[in-house]
Number of protein chains: 2
Amino acid sequence: MHFTTTEENYIKAIYHLQQETGNVSTNELAAELSTKPASITDMLKKLTVKKLLRYERYKGVRLSSEGEKLALAIVRKHRLWEYFLVNTLEFGWDEVHEVAEELEHISSKKLVEQLDLFLGYPKFDPHGDPIPDSQGRMVMQQQINLIDLAPDIPAEVCSVGSQSTELLEILKHKQLGIGTKLQVKRKFSFDHSIEIKMKNLPAITISQQLAQSLFVKTISND
Amino acid sequence: MHFTTTEENYIKAIYHLQQETGNVSTNELAAELSTKPASITDMLKKLTVKKLLRYERYKGVRLSSEGEKLALAIVRKHRLWEYFLVNTLEFGWDEVHEVAEELEHISSKKLVEQLDLFLGYPKFDPHGDPIPDSQGRMVMQQQINLIDLAPDIPAEVCSVGSQSTELLEILKHKQLGIGTKLQVKRKFSFDHSIEIKMKNLPAITISQQLAQSLFVKTISND
DNA sequence: ACTTATTTTTAGACAAATCTAAATTTAAAT
DNA sequence: ATTTAAATTTAGATTTGTCTAAAAATAAGT
């Protein structure tokens, strides 16, 4: 069965939102997709007929297993293309998202499989997010939010909370990115800002909001 | 300015048809795009407003210089992606067309330029068609139709007339493809079929229609 | 040249995806 | 528990790209 780009974008949005919130509300979706709630309702009915989701009026929506399969296929394509753009075509990791949003809708199955093979079956995209394999499986990272990292534990940034240009801008300015190694030095309970230290750089303070947008995994320092 | 996939497909179709026929007729376009003439007229009016073509009612259509620029950009993307699919992802040259039809509408300029760089600025796609550079320039092949090739002149297939699956099927069966070296042995004026000889293979006869779908360039046999 | 056939255009309708404005259902508040 | 507020859905309209059927313009045939 074939789906339009618009339908795929709805499925993808529901997939991402239901990771956190369980059932996804019409208003959440409207915000995520920059459309009006009325439009969401129309499309939810349409996708329900196509068996991609379980939806009851006024009660929110979840993906069916069909829908989840489709979502994972789209996420797989998105992340593989991001990996390709950064590692093969030498894009910066902060400039691949928009292009991947287009490339993820290319339908050829063979294209995805050959691309995966060419890239060497990567497990994580340039933002640190895991890439689903052809069966939709992906490895789980035990990553924690930077705000929860205990002081003096060496850790490495492995994922960012969103791809908004605003976030990417401040990260670039503060020289933070995927792979950056750091330690938390102090936590200020007044505004929940934290002081972090990166090698060869003076310690800097980052806001609660920024810290919450960064995910890290602890690393052994040998 | 941004154009829809549909609009780009119209521009591309007009570009290809006007190579041969000069002014392009509504019916030709309808056949090429598998739509009805009425739909063509509607779209021609729309694209005229957007300054992409010169169109007068009942008199056919040509691309404006704006339109030609766009067409060349699309053709460039199509052929670069075909090259990529064959040379990087190891697709067969006869299975890349449909995928490239999708990829050619990805809009990122940087993507095209980085892809071109990565591929080493190729001059011809896997079907032997020239790839426009970033300025829209392409090298001209002095290729002639196989039907016009004089007997006993060594030549090499460098282009096929269309990408229809029917044509690709018969070419595969007869072991003909881009790069195939051959000579014409006899021409039968009865049905304009010709007998050709490839190295290490018995001579075969091919129909007028098939010969007209193949373009060759002469090669020195040293 | 006049009639016939072909091509092209217009007019009106339809499906997809969206919108605004109004109505309905659920949730919150006193 | 009743009212108020918020979220969601319905109803009707709009845009894009398409269609069919009918009208208009061009081309062809004798």
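Everything numeric here is computed off the predicted structure, so don't read it as measured data. The chains referred to below are lettered A, B, ... by the order of the sequence lines, with proteins before strands, and numbering in each begins at 1.
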Q: If we count only N and O atoms by modelled type, under 3.5 Å, do the side chains of B/Glu82 and B/His78 hold a donor and an acceptor together?
A: yes

Q: So, A/Glu95 and B/Lys110, do they make that salt bridge, N to O below 4.0 Å?
A: yes

Q: Restricting to non-hydrogen atoms, name the atom on A/Ala211 and the atom on A/Asn145 that form the minimum distance, rounded to 0.1 Å.
A: O-OD1, 3.4 Å

Q: Can you list, in residue-number order, the parts of residues 31-39 of chain B that come under 4.0 Å of DNA chain C, counting heavy atoms only?
A: B/Pro37, B/Ala38

Q: Let me know the distance between CD1 of A/Ile40 and P of D/dT9, rounded to the nearest Å.
A: 10 Å

Q: CD of B/Glu7 versus P of D/dT16: gap in Å, rounded?
A: 9 Å

Q: Can you figure out which of C/dT18, D/dT18, C/dT8 approaches the side chain of B/Tyr10 most closely?
A: D/dT18

Q: In whole angstrom, give the distance that lies between atom CG of A/Leu44 and atom P of C/dT18.
A: 11 Å

Q: Should we say atom CD of B/Glu90 is surrounded by more than 12 heavy atoms from elsewhere, each under 6.0 Å from it?
A: no

Q: With respect to the phosphate group of C/dT8, does any side-chain polar atom (N or O) of B/Asn27 fall under 4.0 Å of OP1 or OP2?
A: yes

Q: Looking only at heavy atoms, which two atoms of A/Gly161 and A/Leu167 are closest? And how far apart?
A: N-CD2, 4.4 Å

Q: Expressed as a whole number of angstroms, how long is the span from A/Met43:CE to C/dT18:C1'?
A: 9 Å

Q: What is the distance from NE2 of B/His2 to P of D/dT16, rounded to the nearest Å?
A: 14 Å

Q: Per the atom types in the model, does the base of C/dT7 pair as donor or acceptor with the side chain of B/Tyr58 at under 3.5 Å?
A: no

Q: So, does A/Tyr55 get its side chain near the phosphate of D/dT9, meaning an N or O under 4.0 Å from OP1 or OP2?
A: yes

Q: For C/dT9 and B/Thr26 - does any side-chain N or O of the residue sit under 4.0 Å from the phosphate oxygens OP1/OP2?
A: yes

Q: Provide, to the nearest angstrom, the distance between the CG atom belonging to A/Leu47 and the C1' atom belonging to C/dA16.
A: 12 Å

Q: Using a heavy-atom cut-off of under 4.0 Å over every strand shown, decide if B/Lys59 touches base, sugar-phosphate, or nothing.
A: nothing

Q: Using a strict cut-off of less than 4.0 Å between a Lys/Arg side-chain nitrogen and an Asp/Glu carboxylate oxygen, indicate whether A/Glu7 and A/Lys12 qualify as a salt bridge.
A: no

Q: Round to a whole Å and report the spacing from CG of B/Asn23 to P of C/dT7.
A: 17 Å

Q: How many whole angstroms separate atom CG of B/Asp42 from atom C1' of C/dT9?
A: 9 Å

Q: Decide, yes or no, whether a salt bridge links A/Glu104 with A/Arg76 under the criterion of side-chain N to carboxylate O below 4.0 Å.
A: no

